[in-house]
4 protein chains.
Amino acid sequence: MSVKRAKPGPRAEERRERLIAAGYRAMVRSGLEGARTRDIAAEAGITIATLHYYFPTKDDLVRAVLEHTIRQQMLAPLGLDTDWDDGLAALRTLVTGLMRHADAEPGHFRLLNEMIWASREDPALREMIAAWHTDWHATVAGWLRGGQEDGRVRADLDPEATATLIIYVVLGLVTRPPLPDGAEDRLGAELHRLLATVEE
Amino acid sequence: MSVKRAKPGPRAEERRERLIAAGYRAMVRSGLEGARTRDIAAEAGITIATLHYYFPTKDDLVRAVLEHTIRQQMLAPLGLDTDWDDGLAALRTLVTGLMRHADAEPGHFRLLNEMIWASREDPALREMIAAWHTDWHATVAGWLRGGQEDGRVRADLDPEATATLIIYVVLGLVTRPPLPDGAEDRLGAELHRLLATVEE
Amino acid sequence: MSVKRAKPGPRAEERRERLIAAGYRAMVRSGLEGARTRDIAAEAGITIATLHYYFPTKDDLVRAVLEHTIRQQMLAPLGLDTDWDDGLAALRTLVTGLMRHADAEPGHFRLLNEMIWASREDPALREMIAAWHTDWHATVAGWLRGGQEDGRVRADLDPEATATLIIYVVLGLVTRPPLPDGAEDRLGAELHRLLATVEE
Amino acid sequence: MSVKRAKPGPRAEERRERLIAAGYRAMVRSGLEGARTRDIAAEAGITIATLHYYFPTKDDLVRAVLEHTIRQQMLAPLGLDTDWDDGLAALRTLVTGLMRHADAEPGHFRLLNEMIWASREDPALREMIAAWHTDWHATVAGWLRGGQEDGRVRADLDPEATATLIIYVVLGLVTRPPLPDGAEDRLGAELHRLLATVEE
DNA sequence: CATGAATGAGTATTCATTCAT
DNA sequence: AATGAATGAATACTCATTCAT
């Protein structure tokens, strides 16, 4: 077992965390490109030079922020870590929760959106996002399959394809472009109607 | 009839168009913020000073580019200006067309995506995007209603809410995040299955 | 009698005047360098190109504005065109009037100040300012000599040198730098005391 | 004793001084607005980016230059830091010295003049200039009072008001507008005659 | 580990001036 | 006599990154 780098001390680890948290906040505030390394360093209580000691380039910091974001900001707030025995209810909760979250924290979703686009030119980002989406896709497909077993979800649906479709809905949903009033409110119910068995 | 103040000559109109086209290309290539006025001017064959003669600020150019994009790049390429008598077929064509387009021209959709986010802080952009989405929403809802009259689309659906949902699918779709292979291909069929009457 | 240039039509003459007036206002507002030819032209109701037809360079316009300023703005507002038979009273009125004017229209004096400095590198400006100061100097010296003949002004003063000194006071006065309160109010009286014969 | 955050090293202090000196020279040469940050940086042997590291904006540099100017360029060159026991002689020396200085270094006084005008819109400048004028006013008033005690200056003068008047003379004097020849030379003597007791 | 100092390469924007028509 | 179109040359300011200490 070769050890390339001495284990970072506890002090260093804490600084890293502080930098990532500050970076996340700054990027939520000002966007991926708009966030300034100087501000991030200041918010973490250190100088830019020190920031670059921990993260040689801004892209390195961005990667760490994405990792942190997926790990800390995506599961619990959306109920994705709960065990659901009603797949349809889970989906509806997800959609409703996301709509609320997107309104309350648009910067959070702008950041994720920017990272998805940025991932096209950064393999490290791409890998993280792919893993995240794959997880998510599997979760949703699982909900659907569970629903089909319970007879609550239409049996003729392809769970994989429908899960993909739902992920697209979610991705589009957080953009929340200006749309005619009213239709949005009925979105959760409509999705339910599309997926549920007729009898229900 | 004497004209004291001559209207912009044909030369100026052409240069405006050339600038907008160059701006569109540069923004597709490098993004909204990444596009440099210098490059745009050079690509249009003029100096930066002349660019600023036509568009005092970069934001003014961005607005003109969005207008151009909505008008020239969104309708024909997606078949939105065709008369469809089968709403379901129209939708399927739209989704398939968008997927192809999103793969062929990701920069185009990145630009639209950036403009949607930017519109949150620019009333002029917001208005254009709202008008565009409203049109689009009405078109899709119309397709759905037509399908319901023909008995091809499930009668229990709310055309407004479903149209909103489809727009979200489309918005998410063009982001095209990395997803497990295969599921995407069946997306058009799946959407069809969700919406169509069972008999069909 | 040779005629070098055809007499300008009445229309042209009026535009020239309008441009000069607009130039004066803009320079009072924003200073000599701060005034923009574009704004001046717009304020005169014409385009920049036309402004340059009348005044090939900005410096040409500045010269015309100085001429206009000396002619229209310096005599009447300060009572310099009145016939005074009490030189001392005239001086006191001048100083009081200038202080009021400098407070009410600081931009006017900033402009004159800038022009005096600019005149070091522009012979045409220098000539106009020299003529203006010479006139003014002669007027003040005349007041002093008149006062000496009346026995109201100290006979031992050199009217020329004292006039120079008074002009310096005036030039400094319009700058109105921040000074301890109070002393300024007594300035007119003090000047009087310095110049007047003891008996008075 | 460990020092966690090192104070600016001697290197930085020297560069600051060099920048201020270069700024002063450039502003004397080309005026406040005319001085270019590029040239100043080049003259100090650094890049523009480094200039902005020390002085975030040009205005910050201007303030530092004014401070330097008042401290380094106004006292010694004019004999204001000498102890005089003859106030009248001090005044005469001041006036003569200023006239010489104004002829030798017109740019220096143009700069001060511009700063006085600029101080109307910059509180930091205003405060420095007010402090400087207050000092100066107190010095001159002190000279006058001393002269009155010695019986050399007319007892009926108000030292405060006369000091104000003298400052105005000085401010106007450094402008040195074109005036009829000769009168200027007698200015020092004339001022003396105005202020001195008749007997002297 | 940490930082003060320094910078290369931009960046959008400005403005008096010109010229073909 | 007038102007729409065009521009050269600048201008202050920015920001991620580097490096000696």
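Residue numbering restarts at 1 for every chain, and letters A, B, ... go by the order of the sequence lines.
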**Message:** Give me the stems containing DNA chain E, sorted by first residue, counting only three or more consecutive Watson-Crick or G-U pairs with both distances under 3.5 Å; say none if there aren't any.
**Reply:** E:2-21 with F:2-21
**Asked** Of the nucleotides E/dA6, E/dA2, F/dA2, which one has an atom closest to the side chain of D/Thr50?
**Response** E/dA6
**Item:** Distance, rounded to the nearest Å, where B/Leu51 contributes CG and E/dT11 contributes P
**Value:** 15 Å
**Gap between atoms CG and P, on B/Asp60 and E/dA12 respectively (whole Å)** = 14 Å
**Prompt:** How do B/Gly45 and C/Tyr54 order along DNA chain F: which one's closest nucleotide is nearer the 5' end?
**Reply:** C/Tyr54
**Message:** Return the CE to OG1 distance between C/Met27 and C/Thr69, rounded to the nearest 0.5 Å.
**Reply:** 8.5 Å
**Prompt:** Taking D/Arg110 for the side chain and C/Ala118 for the main chain, is one N or O donor matched with an acceptor at less than 3.5 Å?
**Reply:** no
**Asked** Reading nucleotides 15-21 of chain E 5' to 3', which nucleotides get B (base under 4.0 Å from a protein heavy atom), which S (sugar-phosphate only), which -?
**Response** BBBBB--
**Message:** In this structure, how many angstroms lie between the P atom of E/dC1 and the CD atom of A/Glu13, rounded?
**Reply:** 10 Å
**Asked** A/Thr47 has a side chain; which of E/dG4, F/dT7, F/dT3 sits nearest to it?
**Response** E/dG4
**Message:** Could you check whether any side-chain N or O of A/Arg38 sits under 3.5 Å from a backbone N or O of A/Ile48, counting only pairs where one atom can act as donor and the other as acceptor?
**Reply:** no
**Request:** Compare all side-chain heavy atoms of D/His108 with those of D/Tyr24 and state whether any distance is below 4.5 angstrom.
**Result:** yes
**Request:** Write down the distance between CG (D/Asp39) and C1' (F/dA12), rounded to a whole number of angstrom.
**Result:** 13 Å
**Side-chain heavy-atom pair D/Leu112, D/Ile129 within 4.5 angstrom cut-off** = no
**Test item: B/Ile40 and B/Arg25 side chains (from C-beta on) under 4.5 Å apart, heavy atoms** = no
**Request:** Side chain of C/Arg15 only, please: which of F/dG4, F/dA2, E/dA6 is the nearest?
**Result:** F/dA2
**Message:** Without decimals, in angstroms, what is the distance between C/Tyr53 OH and F/dA2 P?
**Reply:** 7 Å
**Message:** How many whole angstroms separate atom CZ of C/Arg16 from atom C1' of F/dA2?
**Reply:** 16 Å
**Prompt:** Whole-Å distance between E/dG4 P and A/Ile46 CD1?
**Reply:** 11 Å
**Asked** Do A/Ile116 and A/Asn113 come within less than 4.5 Å of each other through their side chains, counting heavy atoms only?
**Response** no
**A/Phe55 vs A/Ile20 side-chain heavy atoms within contact, under 4.5 Å** = yes
**Prompt:** What is the distance, rounded to the nearest whole Å, between atom CG of B/Leu32 and atom C1' of E/dA12?
**Reply:** 14 Å
Indicate every side-chain donor-acceptor pair of residues 58-67 of chain C with a distance under 3.5 Å to a residue at least two apart or in another chain.
{"unit_1": "C/Lys58", "atom_1": "NZ", "unit_2": "C/Leu32", "atom_2": "O", "d": "3.2"}
{"unit_1": "C/Lys58", "atom_1": "NZ", "unit_2": "C/Glu33", "atom_2": "O", "d": "3.4"}
{"unit_1": "C/Lys58", "atom_1": "NZ", "unit_2": "C/Ala35", "atom_2": "O", "d": "2.8"}
{"unit_1": "C/Asp60", "atom_1": "OD1", "unit_2": "C/Arg63", "atom_2": "NH1", "d": "2.6"}
{"unit_1": "C/Asp60", "atom_1": "OD2", "unit_2": "C/Thr57", "atom_2": "N", "d": "3.2"}
{"unit_1": "C/Asp60", "atom_1": "OD2", "unit_2": "C/Thr57", "atom_2": "OG1", "d": "3.2"}
{"unit_1": "C/Arg63", "atom_1": "NE", "unit_2": "C/Asp122", "atom_2": "OD1", "d": "3.3"}
{"unit_1": "C/Arg63", "atom_1": "NE", "unit_2": "C/Asp122", "atom_2": "OD2", "d": "3.0"}
{"unit_1": "C/Arg63", "atom_1": "NH2", "unit_2": "C/Asp122", "atom_2": "OD2", "d": "3.0"}

